[in-house]
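Step one of this worksheet: look at the structure below.
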Amino acid sequence: MTRGYPTVNMSPQIREESLDKAIPTIPIDSIKQFLTRAIVVGEGELDSAPYVVQSADEHVVTGAGDRVYVRGIEGDNEPLFDIFEPGPAYIDPDSGELLGYQALYVGNGPVQQFGDPATLLLSETTREVRVGDRLLPMKRTASVSHFQPHSAPPGTEGRIMSVIDGVTEIGQYDVVAINRGTREDMETGQVLKIYQAGKVINDEISGKRNDRVKLPDEEAGILMVFSVFEKVSFGLVIEAHRAIHINDIVRTP
């Protein structure tokens with residue numbers, strides 16, 4: 001029944017939109033307070049980098065809005081720098097390979113005056129800036145607006161090497177480093193299951209001498225990778241069913 005209205009034939013059509021308008025699966029704003037801007041550097045990379053030699057203002061704690069003196073900045077081509085606190089080495093717990101060194105993000109700022117030493121204004125800090133902290137030219141990369149969780153490649157297995165700003169106990173929303181990176185096809189958004197590594201115990205009932213048995217690995221939580229380097233990745237523990245420890249195992253779900 002047209003009742004005098006014209007007939008319109010409709011067919012499915014494709015509509016294109018830019019990616020920045022896509023509905024984010026996990027908005028960065030909902031988890032950014034749990035993330036970290038730590039990076040992994042190669043052997044000797046920070047040793048030759050510029051460093052903070054002294055606070056320009058006599059403050060007990062040096063932070064955003066303060067100035068620091070920096071040595072080692074050559075030329076005047078780089079006006080903006082990130083500041084990092086040198087961290088421990090990452091050693092693969094399975095192979096013993098040196099995978100890199102942790103560099104924990106401290107803050108950033110522009111150079112106010114070049115020279116030896118140069119003067120740097122701290123425009124942003126996440127923790128106290130200290131003498132000996134190292135500087136790297138600020139990277140101008142597009143910020144991540146959302147994460148698309150997806151499974152890691154089949155057969156992926158690694159270990160938790162360390163927890164950022166932690167000791168040994170790891171829980172929900174802690175950031176950990178694992179011994180897998182781009183060379184093992186890791187990428188941002190990949191999800192891994194965490195397993196509490198089973199202990200090796202002596203079987204005192206079997207009657208056999210030196211009879212040792214490894215207990216089963218127990219599922220302990222879920223981790224999502226948010227930052228990837230060549231040999232190391234950082235992940236956020238998004239679920240924790242039981243206590244998680246350094247050297248626990250991560251596997252493809």
Side-chain angles (χ1 to χ4, degrees), residues 26 28 31-51 78 80-108 124 126-127 133-166 170 173-194 221-238 244 246-253:
I26 299 182
I28 186 66
I31 59 173
K32 68 179 180 181
Q33 65 267 36
F34 304 117
L35 306 183
T36 178
R37 290 167 68 179
I39 63 172
V40 179
V41 296
E43 186 173 6
E45 186 174 344
L46 287 185
D47 294 341
S48 58
Y51 58 91
E78 294 289 348
L80 300 172
F81 285 87
D82 286 328
I83 307 170
F84 293 91
E85 177 185 326
Y90 288 126
I91 306 296
D92 192 310
D94 295 322
S95 67
E97 179 187 3
L98 173 63
L99 304 179
Y101 291 84
Q102 179 192 107
L104 194 60
Y105 177 79
V106 174
N108 65 49
E124 174 191 278
T126 59
R127 59 188 65 221
D133 285 348
R134 298 286 176 163
L135 280 71
L136 294 174
M138 185 182 294
K139 291 186 177 181
R140 298 171 179 82
T141 56
S143 59
V144 177
S145 61
H146 69 280
F147 291 97
Q148 177 67 51
H150 57 286
S151 178
T156 299
E157 181 169 316
R159 287 187 182 271
I160 295 175
M161 296 187 295
S162 71
V163 54
I164 306 298
D165 287 335
I170 303 168
Y173 302 135
D174 278 339
V175 172
V176 299
I178 63 173
N179 60 337
R180 293 292 181 268
T182 54
R183 68 176 183 178
E184 289 85 20
D185 297 326
M186 301 300 298
E187 59 185 40
T188 300
Q190 286 180 342
V191 175
L192 295 160
K193 273 192 176 181
I194 306 171
I222 297 176
L223 174 149
M224 185 186 72
V225 174
F226 68 86
S227 184
V228 183
F229 299 87
E230 181 186 2
K231 303 175 184 178
V232 177
S233 297
F234 292 115
L236 178 69
V237 178
I238 55 178
I244 301 169
I246 291 174
N247 285 330
D248 278 354
I249 302 166
V250 293
R251 294 191 183 114
T252 304

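Each residue takes its place number in the sequence, starting with 1. What you see is a predicted model; the values in this text were computed from it and never measured.
Distance check: L99 CG to S233 OG gives 10.5 Å after rounding to the nearest 0.5 Å. Taken to the nearest 0.5 Å, the CZ atom of F84 stands 8.5 Å off from the CG atom of L46. A distance of 6.5 Å separates OG1 in T188 from CZ in F147, rounded to the nearest 0.5 Å. We find the CG-CG distance between N108 and L135 to be 10.0 Å, quoted to the nearest 0.5 Å. The CD1 atom of I246 sits 8.5 Å away from atom CD1 of I160, with the distance rounded to the nearest 0.5 Å. To the nearest 0.5 Å, atom CE of residue M224 and atom CD1 of residue I31 are 4.0 Å apart.
Using a distance-only test at 3.5 Å, with no hydrogens or angles considered, a donor-acceptor pair links the side chain of R134 to the main chain of A49.
The stretch residues 221-235 participates, sequence neighbours left out, in these salt bridge (Lys or Arg N to Asp or Glu O under 4.0 Å) pairs: E97-K231.
With sequence neighbours excluded, the residues that form a salt bridge (charged side-chain N to carboxylate O under 4.0 Å, His left out) with R251 are E157, D217. Residues passing the side chain to side chain contact (heavy atoms under 4.5 Å, CB included) test with D174 are V163, I170, sequence neighbours excluded. Partners of T36 according to the side chain to side chain contact (heavy atoms under 4.5 Å, CB included) rule, which considers only residues two or more places apart in sequence or in another chain, are A38, L104, I164, V175, F226. Partners of E43 according to the side chain to side chain contact (heavy atoms under 4.5 Å, CB included) rule, which considers only residues two or more places apart in sequence or in another chain, are L98, Y101. With sequence neighbours excluded, no residue satisfies salt bridge (charged side-chain N to carboxylate O under 4.0 Å, His left out) with D185.
Taking both residues in full, the closest heavy atoms of S151 and T252 are given as OG-CG2, 3.5 Å, listed atom of the first, atom of the second, then distance. Shown here for V106 and E85, the closest heavy-atom pair between the two residues is CG2-N, 3.6 Å. Heavy atoms only, all atoms of each residue included: F81 and P137 are closest at CD2-N, 3.7 Å. Residues P93 and R159 share a closest heavy-atom pair of CG-CD, 3.6 Å.
Of the charged side-chain nitrogens involved, at least one lies within less than 4.0 Å of a carboxylate oxygen, so that D165 and R127 count as a salt-bridged pair. A salt bridge between K139 and D82 is absent, with no side-chain N of the basic residue lying under 4.0 Å from a carboxylate O of the acidic one.
Test D248, I249, V232, L192 against I178 for side-chain contact (heavy atoms from CB on, under 4.5 Å) and you get one pass: L192.
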(request) For side chain to side chain contact (heavy atoms under 4.5 Å, CB included), just list the numbers for I238 and F34, CA-CA rounded to whole Å, side-chain angles, deciding distance to a tenth of an Å, and then say yes or no. (result) CA-CA 10 Å; I238 55 178; F34 304 117; over 6 Å; no
(request) Walk me through it: do D92 and R180 pass the test side chain to side chain contact (heavy atoms under 4.5 Å, CB included)? (result) CA-CA 9 Å; D92 192 310; R180 293 292 181 268; 4.0 Å; yes
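Within the 4.5 Å cutoff, the side chain of S227 has no heavy atoms near those of the R37 side chain. For the pair I39/Y105, no side-chain contact is recorded, criterion being any heavy-atom separation below 4.5 Å from C-beta on.
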